[in-house]
**Student:** 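This structure is in structure tokens; I'll ask about it shortly.
Quick caveat: nothing in here was measured; it's all calculated off a predicted structure. So you know, we letter chains A, B, ... as the sequences are listed, proteins then strands, and number each from 1.
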Amino acid sequence: MTQSRRPAAPADLILAWYDRHHRDLPWRVSPPMAAGGIRPDPYRVWLSEVMLQQTTVQAVKAYFALFTTRWPTVTDLAKADTEDVMKSWAGLGYYARARNLKKCAEVVAFGHGGVFPDTEEGLKALPGIGDYTAAAIAAIAFDRQSAVLDGNVERVVSRLHAIETPLPAAKSEMRALVAAMTPRERPGDFAQAMMDLGATICTPRRPACALCPLNADCRVLGRADPELYPRKAAKKAKPVRLGAAFVAENAAGAILLRKRGESGLLGGMTEVPGSDWTARIDGATDLSAAPFPADWTACGTVTHVFTHFELRLSVYRSMVAGNGQAGNGWWQPKETLDGEALPTVMKKAIRQAIPGAFGK
DNA sequence: AAACCGGGGCG
DNA sequence: CGCCCAGGTTT
């Protein structure tokens, strides 16, 4: 009995694909459970979504496990010591996320009775929650029909509709297309399915179009190279900045550390003393930024690439006799460096001066 | 609208 | 190892 039937809508194709291929992740509720009315804990959804901003699933997993073990509820996190939160976040990058995470937990715990808002608008009013994260939490935790648009979804819709407008100008057009696609039934699963599709099939390079549930609907496939989508505005070159870092070790085997200012680059994180990072430093050996006069030995440079500049740090080392001259810093025993709020660039500098400092 | 924010993964 | 990827806030 060959009845003519309407072609399946993209949303149905994606949901069917998701039911077969969804990934089990620590912050997720599987589709069969969700079908039984089980929703994931908004706290865990929020925490995972903030961690996943600009960060891969693989990198997030261990941090998510650590945070949910140490702070099982949003109220636990709100009561936590901010310094402990920064230490636990060290290595994940974009440290303003950690500061806003703590602020947001406090607002939810002490201003909303420990209950997350269940609407996009209510969520977006919280620190560290923008368009994407508000829509994602509303959809995933509360099954709201919100249009979830992240980098993965941008790729999927730009290819599906062959959008020629470059990002970021194309965002509103893309969001409207996602809104039009989003089904009344299972909007939370749909949002996760679209992001999974972009992460695993509709990838930036070498997409697996043969496996894509939307390949029959795709306006790019067969007409142009999918890798050329989404179109993007040209980006500008990264400038180079130079600086000096000073790794002082005392007789007890401790390293001199200090805390950076609360805002801006690596805000609130720990560092070794050093110079400002500017276009050029005076001469090959500028010791004027050293924390105290000493027999500073040059031990090479480390390079670290930030979002908008490349840093080349000249590293100096010295052994000091006393336990004074710490200034506004403190002496941290080498064996306990791992627990400090040290960003990756500072670990590189310390390792350059003292190869065994982190006991790899 | 543009600038400011890190780190990891892939070819 | 160069290149690419990815949201929110601030200015």
Side-chain angles (χ1 to χ4, degrees), chain A residues 46-63 86 89-104 107 120 123-137 146-156 158 165-172 174-175 178 191 194-196 198-200 202-208 226-241 260-271 277 302-313 341-349 351:
Chain A
W46 162 72
L47 181 60
S48 69
E49 288 300 339
V50 173
M51 287 182 167
L52 286 163
Q53 290 166 5
Q54 313 294 97
T55 311
T56 58
V57 166
Q58 195 51 41
V60 163
K61 280 182 179 170
Y63 286 87
M86 299 308 289
W89 196 274
L92 205 47
Y94 285 99
Y95 298 98
R97 289 187 295 168
R99 298 194 295 272
N100 285 328
L101 188 84
K102 182 64 162 58
K103 282 187 214 155
C104 182
V107 172
E120 222 174 318
L123 289 161
K124 193 165 157 26
L126 295 168
I129 299 186
D131 289 336
Y132 160 73
T133 309
I137 298 172
S146 53
V148 179
L149 186 69
D150 76 341
N152 293 304
V153 179
E154 285 170 2
R155 202 161 46 247
V156 172
S158 71
T165 311
L167 286 170
K171 279 207 175 199
S172 56
M174 292 181 179
R175 187 170 287 107
V178 172
M194 286 285 280
M195 293 190 278
D196 275 17
T200 64
C202 196
T203 49
R205 286 171 304 282
R206 297 181 58 100
E227 292 191 9
L228 299 177
Y229 293 80
R231 308 286 196 194
K232 291 182 179 179
K235 59 187 111 158
K236 47 183 233 179
K238 277 181 190 186
V240 173
R241 292 193 204 174
R260 294 177 63 89
E262 288 302 327
S263 62
L265 184 70
L266 306 177
M269 300 298 286
T270 299
E271 66 174 3
W277 301 338
V302 295
T303 297
H304 190 80
V305 182
F306 290 92
T307 311
H308 53 298
F309 67 92
E310 174 183 323
L311 175 66
R312 292 182 195 153
L313 214 46
L342 286 166
T344 297
V345 62
M346 291 301 153
K347 290 190 176 179
K348 283 186 193 174
R351 197 176 281 121

**Student:** Calculate the interatomic distance between A/E262 atom CD and C/dT9 atom P; express it in whole Å.
**Tutor:**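 The distance from CD of A/E262 to P of C/dT9 comes to 18 Å, rounded to the nearest Å.
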**Student:** For A/R97 and A/Y95, test the side chains for any donor-to-acceptor distance below 3.5 angstrom and give the result as yes or no.
**Tutor:**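 On atom types as modelled, these side chains do not qualify, holding no pair under 3.5 Å.
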**Student:** What does A/G264 touch in the nucleic acid at a heavy-atom separation under 4.0 angstrom: a base, only the sugar-phosphate, or nothing?
**Tutor:**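 If one applies the 4.0 Å heavy-atom cut-off, A/G264 turns out to touch the sugar-phosphate alone, with no base involved.
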**Student:** Let me know the distance between CG of A/L167 and P of B/dA1, rounded to the nearest Å.
**Tutor:**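 Result: 14 Å.
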**Student:** What integer distance in Å separates A/K171:NZ from C/dG8:C1'?
**Tutor:** 10 Å
**Student:** A/R155 has an atom CZ; how far is it from atom C1' of C/dC4, in whole Å?
**Tutor:**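 One finds 11 Å between C1' of C/dC4 and CZ of A/R155, rounded.
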**Student:** I want to confirm an ordering. Mapping A/Y63 and A/F309 to their closest nucleotides on DNA chain B, which one lands closer to the 5' end?
**Tutor:**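 Checking each residue's closest nucleotide, the 5'-ward one belongs to A/F309.
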**Student:** Taking NE2 from A/H308 and P from B/dA1, how many angstroms apart are they, rounded to a whole number?
**Tutor:** 21 Å
**Student:** When you get a sec, tell me which of C/dG8, B/dG8, C/dC5 is the closest nucleotide to the side chain of A/Q53?
**Tutor:** C/dG8
**Student:** Please report the distance separating the P of C/dC5 from the corresponding atom of B/dC5, rounded so that it comes out in whole Å.
**Tutor:** 23 Å
**Student:** Among B/dC5, B/dG7, C/dG8, which nucleotide has an atom closest to any side-chain atom of A/T133?
**Tutor:**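 Within the option list, the nearest is C/dG8.
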**Student:** Any salt bridge linking A/E310 with A/K238? Criterion: basic side-chain nitrogen under 4.0 Å from a carboxylate oxygen.
**Tutor:**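 Answer for the salt bridge query: no.
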**Student:** Contact class for A/P127 (heavy atom, under 4.0 Å): base, sugar-phosphate, or nothing?
**Tutor:**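 Sugar-phosphate only.
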**Student:** Taking the side chain of A/R205 as its heavy atoms from C-beta onward, which of C/dG7, C/dC5, B/dG8 lies nearest to it?
**Tutor:** C/dC5
**Student:** For a quick check of understanding: with a heavy-atom distance under 4.0 Å over all strands, which category does A/V305 fall into, base, sugar-phosphate or nothing?
**Tutor:** base
**Student:** Looking at side-chain heavy atoms only, is the closest gap between A/T165 and A/R231 below 4.5 Å?
**Tutor:** no
**Student:** Begin from the C-alpha positions of A/H308 and A/F306 and carry the test ring-ring contact (aromatic ring centres under 6.0 Å, His included) through to its verdict.
**Tutor:** CA-CA 6 Å; A/H308 53 298; A/F306 290 92; 7.5 Å; no
**Student:** Which one, B/dG9, C/dC5, C/dG8, comes nearest to the side chain of A/K232?
**Tutor:**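 Among the listed nucleotides, the one closest to the side chain of A/K232 is C/dC5.
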**Student:** Within the 4.0 Å heavy-atom criterion, would you say A/L266 contacts the bases, only the backbone, or no part of the nucleic acid?
**Tutor:**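 The answer is sugar-phosphate, as A/L266 gets under 4.0 Å only of primed atoms, P, OP1 or OP2.
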**Student:** Does the side chain of A/T270 come within less than 4.5 Å of A/M346's, by heavy atoms?
**Tutor:**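 Not in contact.
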**Student:** Measure from the side chain of A/D131, starting at C-beta and using heavy atoms only, and say which of B/dG7, C/dG8, B/dG9 lies closest.
**Tutor:** C/dG8
**Student:** With respect to the side chain of A/P204, which nucleotide from C/dC5, B/dG9, C/dG7 is positioned closest?
**Tutor:** C/dC5
**Student:** For the residue pair A/E49 and A/Y132, confirm or rule out a side-chain donor-acceptor distance under 3.5 Å.
**Tutor:**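 Side-chain D/A pair, A/E49 to A/Y132: present.
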**Student:** Measure CZ/A/R241 against C1'/B/dA3 and give the value in whole Å, please.
**Tutor:** 11 Å
**Student:** What integer distance in Å separates A/L52:CG from B/dG8:C1'?
**Tutor:** 14 Å
**Student:** In whole Å, I'd like the distance from the CZ atom of A/R97 to the P atom of B/dG8.
**Tutor:**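 Rounding to the nearest Å, CZ of A/R97 and P of B/dG8 are 11 Å apart.
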**Student:** Using a 4.0 Å heavy-atom cut-off across all strands, classify A/T344 as base, sugar-phosphate, or nothing.
**Tutor:**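 If one applies the 4.0 Å heavy-atom cut-off, A/T344 turns out to touch the sugar-phosphate alone, with no base involved.
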**Student:** Just N and O in the side chain of A/Y94: are any of them under 4.0 Å from OP1 or OP2 of B/dC4?
**Tutor:** no
**Student:** Taking only the side-chain heavy atoms of A/Y132 (C-beta and beyond), determine which of C/dG8, B/dG9, B/dC5 contains the nearest atom.
**Tutor:**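 That would be C/dG8.
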